[in-house]
Structures are given as C-alpha cells and as structure tokens.
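Quick notes on the structure that follows.
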Amino acid sequence: MKRLSLCISIVLLSLVFSASAFALVHDETLTSQLDLLGFIREYHMVEIQPIVDETAGHTQGYGLPFDIMGSDVSYRDDQTLGRKIATWTIASTYAPVTIRISTTPLENLGKTVSIDYYLCFRYNYAKFDDAGVSSESSAGFIVVASDGSGAGEELVLENVSTGGNGQIYPIISNSQDVRFMLFDYSQSTKESWPGGYYTSTVTIEFVGS
Amino acid sequence: MRIGRAVCCLLVLLLPMGFVFSNNSISNASLTIEAFKEIPTPEGVFEVNVSYLDGSGSKSTISGIGSRFDVTKRKLSSLTKVFSIAIRSNYGNTVEISFRFGPFVNQMNNSKVVPASYIVSADSQDWSDWNLYWDDYGNYAYYRFKPVFTPNITSSTSGQLVTVTNEEKTVSVVYSVDGQRYVSSSVSYDPGDGVISQLGENVMESTIYGSLMIADSDYDGMEPNVDYVSTVVISMEVR
C-alpha cells in the first residue's frame, strides 16, 4: 500500500513537473521565434466556415442552403465562378504544404439521385522578400470535381522569398471564397431530380512539410 | 501485479512528453454542403378517385363485381375489372402509383387463403388536342398531349399479371405525359420533357383499372358461408 501511495505521489509530481517544463520551454521558444522569425509560434491549421443563408426563402444570393435549380449554381465554362457558399483559411509555418480535398456528390435523403459538382477554393497569401518585408501576394485557386475527374484534388503550396536567399516563409491565406457550381446537366435532367433536401461532404486535409 | 502498476505509471509519465513532441503539421477540416430542390408548389390539379366498378355493398348483387360478391353465383375465372382509379392532373413531373395486392384470407381462420391474380391496365390512350392558337408568325398551331404509363399498360397484352398465393406483392406504375406541338406550316417538334406540369392550364385525365381473377380450382377449397377478404393498398406519389 505504501508502495502504491509512493508511486502515485511520484506520478503526480512528475505531471506537475512535466506541465511546468512544457510551459517554460514553450515560453522560451515563443521569445526566440519573435526575435528571429517575426511570428509568435509555430502553427498549422485549416478551417472552412459555411456561409448561412438565413433568409426565409433562402434568397440571400450566397451561402447555404441553396436551390440546385438556381442559375447561380448552374454550369459555366469558367469553373472558378459559381455560388459563394463558404470561406476557408489555411495558415502554416510548416510550408511548403500539401492540400488534399475530397468531395462526395450531392445526394437526396433517399440516395436515389447523385449530382456532381465543382468546388473552387480560392487562396491568396502574402509573399516576402529577403528582409521579411511583404512584397507581393500569390493568388490562385483549386477546382475540385466531386466525381474525382478534376486535377485539383491535391495541391502543394510554398512561400519562398521573392529575393534570392531561398528563405521559406509561412503561408497565411485568410477567409478566401469557396464557390459551388454544378456539372453541365441538361434542363430535362435537372427537372427529373426529385424535390427535397440534398447534402454532400467536403473534407480538406492540410499537411505540412 | 507489480508489472501492471509499472506499465500504468509509465504510460502516465509519457503522456505529458507526448504533448511536447507531438507533430502538429497535419490539420483537417470538413464542410457539409446543404442544398435543396423545391417541391412543386401545389398550384396545379391532382385529383384521384378510387372506386369499385359497379360498387355495391350487397352480397346478392352480381352484376359487375363491386366490393362484395358471392362466388357461388359468379366465379371470377377470367380477369374481371373490380376497381378503377380516375386521375386528373397537371401537377408535378410524374405520378407513381403503387399497388400492394394480397390473397383472399379466410376470416374464420387466417391461415387459410385463396390465391388471387391481379393486373392493372389502362384504356388505349390517344393524343388530346389543346391550346389551338395563332402564333406570332400567323401560323395555326396547337399542342397535343397523351398520357404515358411506365411500364406500358395500355395494350391488351401488356401489364404485369401478379398472382398472390400467400405473401403480398407490389407493382408500380409511373404516369407521365408526352407532348407535341404542331404548326400549320407542317413544322412540328416534340417539346420533349414529358412532365405533367407542361400541361399548364390544361388537365389530363386518365383511368387505371384493377382486375382480379381466381382460378377455378381454388374455389373448391373455400368454406361455405365464410367471408374471404383480400386487401389492395394503393398509394400515389407526385414527383
């Protein structure tokens, strides 16, 4: 019994010590990184936020949910357009980063209909020169097809100094558009879709180097 | 026992270290896309009227068939129309009508059943003319529509004969319309979408019949003075 009590005491003390040590190490790293690299700490995150159309008839013109028969989600040759349904943010000090996006087709509740679509993820992050001064930005987009036919399911982004020293900088693309567009379906096909509620799932994997 | 405690302590001690050295370079996020297609607003006509043919509640009535009939006076040894569904609709894309047929069940002993055969059919459907008008070019034009059943149940040989010996069986018929526009300049084309709502202000009317047959050999085992009841469930869905 004494041995068990002693063991538990050691564990508790170790926990306290470890937690304190973690905090101390964390604080020192924080200060060091502020001096040398100009950012607070290492970070790596991806976030996607739906835009909610809270109008009674869903007539806001952007956001979720939307009417699949609406002209704002119908096909256009420029697949970077479409209805704005969400915003997404990526931020990482682990650049270059790899972004993998997977989507499932829209399905009604009875799963009798499967509707494919394109999603366009726009990004825009600041570039820096050798001195760490923001010099320009890098903007682009990833177009993903829900049937996997597109080439945009995976993308690698890096942020190398616009000068010549090869310095790697963090990537921060904040609250950029996610836009939705249907495949090029005929009107008769659209009319054959049953009325009701449709859902689909989008998953983003954000991997640092 | 001591080994167990040691493992326990080791795990607890390693846990905080795991936080220090964890790899934070993978992050995931997900989104559920929500969308809808509006169900057609009920601004059209969709009326159905189901009735027995020669419907009578009297067992003694044997003209036609009705809902009650005496098999000692009339056997249904060939398919006989027993009920009808009258449809009037210009609403939605299609109407799916499902029939669930059962056997005749002895009301004194439910384990005793008499097999029954059913078929659904419709009269041959012809084109109906609608909306005669002069178009912007002075041409005389009109639309015409006809009901379409899937599977085709309008010919005498079509339709699915369903024989129910014990378990209930279900058949479905989808009702839609086919439309064409004709112009006096002999130009014609098919509007093509085939949805009922293209009828606009017009209403298509059709009738579907349900027919029943009981094989001669199956009458022999029926008990006299006992009711036998079969159930037909009809459900209709506008899409």
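Since we're looking at a predicted model, the values are computed, not measured. The chains referred to below are lettered A, B, ... by the order of the sequence lines, with proteins before strands, and numbering in each begins at 1.
Taking the side chain as every heavy atom from C-beta outward, A:I85 and B:I33 approach each other to under 4.5 Å.
The two residues A:L64 and B:L31 have their closest heavy-atom pair at CD1-CD1, 4.4 Å. In terms of heavy-atom proximity, A:L106 sits nearest to B:A35 at CD1-CB, 4.2 Å.
The greatest number of non-hydrogen atom pairs below 4.5 Å with chain B, out of A:I68, A:T203, A:T201, is found for A:I68.
B:K37 places a side-chain N or O within 3.5 Å of a backbone atom of A:E191 that can act as its donor or acceptor partner. Under a 3.5 Å cut-off, the side chain of B:S27 and the backbone N or O of A:F206 do not form any donor-acceptor pair.
Counting non-hydrogen atoms of neighbouring residues, nucleotides and ligands closer than 6.0 angstrom, the CZ atom of A:F141 reaches no more than 12 such neighbours. More than 12 heavy atoms of other residues, nucleotides or ligands shown are found within 6.0 angstrom of OH on B:Y228.
In this structure, the side chain to side chain contact (heavy atoms under 4.5 Å, CB included) partners of A:R76, at least two apart in sequence or on a different chain, are A:L81, A:M181. Not counting sequence neighbours, the partners of B:E96 by the side chain to side chain contact (heavy atoms under 4.5 Å, CB included) test are B:S98, B:S172, B:V174, B:R239.
Only the backbone of A:S192 has a heavy atom closer than 4.5 Å to any heavy atom of chain B. When heavy atoms are compared at a cutoff of 4.5 Å, A:P194 approaches chain B solely by way of its backbone atoms N, CA, C and O. Proximity to chain B is limited to the backbone of A:E47, based on heavy atoms less than 4.5 angstrom apart. For A:I90, no part lies under 4.5 angstrom from a heavy atom of chain B.
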(message) Apply side chain to side chain contact (heavy atoms under 4.5 Å, CB included) to residues B:F36 and A:D67 and explain how you reach the verdict.
(response) CA-CA 5 Å; B:F36 61 89; A:D67 186 349; 3.7 Å; yes

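Between the side chains of B:E34 and A:Y197, a donor-acceptor pair is found at a separation under 3.5 Å.
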